[in-house]
Student: 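Below are the structure tokens for one structure; questions will follow.
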Amino acid sequence: MNFVEHVWDHLRTGQINNYPQPIALNLGLAYTVKLNDKKTNLFWLPFEYTGLAYIDLGQQVNVHPYYRGRIIEEIELSRGTDLHKPQTEDALIKAICMKSWEIHQLLQQEKYADLQGNVSDFLMKMLYVVDWLRYYNSVKMVGSAKRIV
């Protein structure tokens with residue numbers, strides 16, 4: 001299973017029901033909600049408002065960074081049918097680091113000026129997100145639980 005899309009698979013199959021209210025995952029380590037467009041799912045760290053935005057395209061999903069409460073749609077960390085999308089934790093960290101220059105340039109633009117963010121803050125928070133994904137992907141289901149929450 002793809003490191004980034006494992007949690008998406010749980011949403012798609014109905015194991016996680018995150019609409020219309022946000023829910024806590026792993027005892028509050030992260031939160032998720034499906035937005036009103038019913039295509040965008042956010043995963044974020046508590047108190048950080050930074051995480052990943054999964055945008056459903058039918059049979060595919062695009063993953064964008066979610067930073068300080070805003071989806072940065074100009075940056076794609078994983079694209080639906082891309083053969084080179086990150087499959088492992090190391091590949092995701094590499095993709096985040098490779099996109100950091102683009103993030104730096106975007107944060108300088110007027111569109112994202114209100115975020116008052118910087119690349120070092122973004123990288124640190126995204127590494128926390130990767131840590132949570134590693135934890136989430138390592139959890140084993142015990143019993144015949146069909147749904148989370």
Side-chain angles (χ1 to χ4, degrees), residues 1-26 28-119 121-139 147-149:
M1 177 58 61
N2 184 324
F3 181 78
V4 181
E5 295 177 5
H6 180 76
V7 70
W8 169 253
D9 191 47
H10 286 183
L11 280 172
R12 190 178 46 78
T13 59
Q15 292 180 23
I16 300 173
N17 183 10
N18 64 345
Y19 182 79
Q21 301 295 329
I23 62 165
L25 297 173
N26 305 110
L29 289 177
Y31 290 85
T32 180
V33 69
K34 182 180 283 191
L35 300 182
N36 289 334
D37 67 1
K38 297 200 178 179
K39 291 183 179 187
T40 305
N41 292 277
L42 300 178
F43 288 87
W44 73 91
L45 303 172
F47 310 113
E48 301 289 347
Y49 294 102
T50 297
L52 299 173
Y54 289 75
I55 299 176
D56 184 10
L57 303 173
Q59 297 296 322
Q60 306 167 24
V61 64
N62 288 347
V63 181
H64 300 275
Y66 176 67
Y67 181 59
R68 293 191 173 204
R70 196 97 143 281
I71 299 171
I72 302 177
E73 292 186 27
E74 293 86 352
I75 305 292
E76 288 181 334
L77 296 176
S78 177
R79 185 171 188 173
T81 59
D82 188 5
L83 296 175
H84 304 289
K85 64 184 172 182
Q87 299 286 328
T88 63
E89 176 184 351
D90 292 337
L92 177 61
I93 292 171
K94 181 180 177 182
I96 291 169
C97 291
M98 297 288 285
K99 302 285 184 175
S100 64
W101 176 247
E102 293 174 46
I103 292 287
H104 172 72
Q105 291 175 325
L106 286 172
L107 291 174
Q108 305 305 313
Q109 294 177 4
E110 188 175 327
K111 179 178 179 182
Y112 295 106
D114 62 320
L115 296 180
Q116 298 179 350
N118 59 52
V119 173
D121 179 57
F122 172 79
L123 287 172
M124 180 187 69
K125 290 177 179 178
M126 291 307 288
L127 289 176
Y128 291 153
V129 170
V130 171
D131 285 342
W132 173 75
L133 278 173
R134 181 184 327 111
Y135 175 75
Y136 184 86
N137 291 342
S138 69
V139 171
R147 289 186 108 163
I148 298 173
V149 171

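Because only heavy atoms are used, hydrogens play no part in the values below, and waters and symmetry mates are left out as well, while side chains stay in.
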Student: Run the side-chain donor-acceptor check on residues 37-44: report pairs under 3.5 Å with partners two or more places apart or on a different chain.
Tutor:
from, atom 1, to, atom 2, distance (Å)
Asp37, OD1, Lys39, N, 2.9
Asp37, OD1, Thr40, N, 3.0
Asp37, OD2, Thr40, OG1, 2.9
Asn41, OD1, Asn18, ND2, 3.1

Student: Find the distance between CG (Leu52) and OG (Ser78) and round it off to the nearest 0.5 Å.
Tutor: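 Going from the CG atom of Leu52 to the OG atom of Ser78 covers 10.0 Å.
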Student: Heavy atoms, side chains only, cut-off 4.5 Å: are His64 and Ile72 in contact?
Tutor: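 Side-chain contact under 4.5 Å: no.
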Student: What distance separates Tyr136 OH from Leu25 CG, expressed to the nearest 0.5 Å?
Tutor: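 One gets 6.0 Å once the value is rounded to the nearest 0.5 Å.
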Student: Looking at side-chain heavy atoms only, is the closest gap between Asp131 and Tyr135 below 4.5 Å?
Tutor: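 Result no, sub-4.5 Å side-chain heavy-atom pair not found.
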Student: About how many Å separate OG1 of Thr32 and CD of Gln21, when rounded to the nearest 0.5 Å?
Tutor: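 One finds 12.5 Å between CD of Gln21 and OG1 of Thr32.
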Student: Answer yes or no: are there more than 12 heavy-atom neighbours, outside Tyr19 itself, under 6.0 Å from its atom OH?
Tutor: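 For Tyr19, atom OH is crowded (more than 12 foreign heavy atoms under 6.0 Å).
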Student: Which atoms form the tightest heavy-atom contact between Tyr66 and Ala53, and what is the distance?
Tutor: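 Taking every non-hydrogen atom into account, CB-N, 4.2 Å.
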Student: Without placing hydrogens or testing angles, list every side-chain donor-acceptor pair under 3.5 Å for residues 92-107, not counting sequence neighbours.
Tutor:
from, atom 1, to, atom 2, distance (Å)
Ser100, OG, Cys97, O, 2.6

Student: How are the rings of Phe122 and Tyr67 set to each other: parallel, tilted or perpendicular (split at 30° and 60°)?
Tutor: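 Ring orientation of Phe122 relative to Tyr67: perpendicular.
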Student: Does a side-chain heavy-atom distance below 4.5 Å link Met124 with Leu127?
Tutor: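 No, too far: nothing below the 4.5 Å cut-off.
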Student: Show your working on side-chain contact (heavy atoms from CB on, under 4.5 Å) between Arg12 and Val61 and close with a plain yes or no.
Tutor: CA-CA 10 Å; Arg12 190 178 46 78; Val61 64; over 6 Å; no
Student: In this structure, are over 12 heavy atoms from other groups packed under 6.0 Å from Tyr49 atom OH?
Tutor: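 Counting neighbours around OH of Tyr49, 12 or fewer heavy atoms of other residues, nucleotides or ligands fall under 6.0 Å, so no.
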Student: Show the nearest heavy-atom pair for residues Met126 and Thr50, with the distance to one decimal.
Tutor: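 For Met126 versus Thr50, the nearest heavy atoms are SD-CG2, 4.0 Å.
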Student: Hey, what do you get for CD1 (Ile55) to CD1 (Ile71), rounding to the nearest 0.5 Å?
Tutor: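 Atom-to-atom, Ile55:CD1 and Ile71:CD1 are 5.5 Å apart.
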Student: Show the numbers, then the answer: is there a side-chain contact (heavy atoms from CB on, under 4.5 Å) between Tyr54 and Leu11?
Tutor: CA-CA 10 Å; Tyr54 289 75; Leu11 280 172; 5.6 Å; no
Student: For the CZ atom of Phe3 and the CG atom of Asn137, what is their distance to the nearest 0.5 Å?
Tutor: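 Separation between the atoms: 5.5 Å.
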Student: So which heavy atom on Arg79 is nearest to which on Lys85, and how close?
Tutor: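 Between these two residues, the closest heavy atoms are O-CD, 3.5 Å.
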Student: Can you check side-chain contact (heavy atoms from CB on, under 4.5 Å) on Val4 and Leu77, steps first, answer last?
Tutor: CA-CA 9 Å; Val4 181; Leu77 296 176; over 6 Å; no
Student: Could you check whether any side-chain heavy atom of Arg70 comes within less than 4.5 Å of a side-chain heavy atom of Asp114, counting everything from C-beta outward?
Tutor: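 Yes. Closest side-chain heavy atoms under 4.5 Å.
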Student: Using 0.5 Å steps for rounding, measure from the CD atom of Gln116 to the CZ atom of Arg68.
Tutor: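 Gln116 atom CD to Arg68 atom CZ measures 7.5 Å (nearest 0.5 Å).
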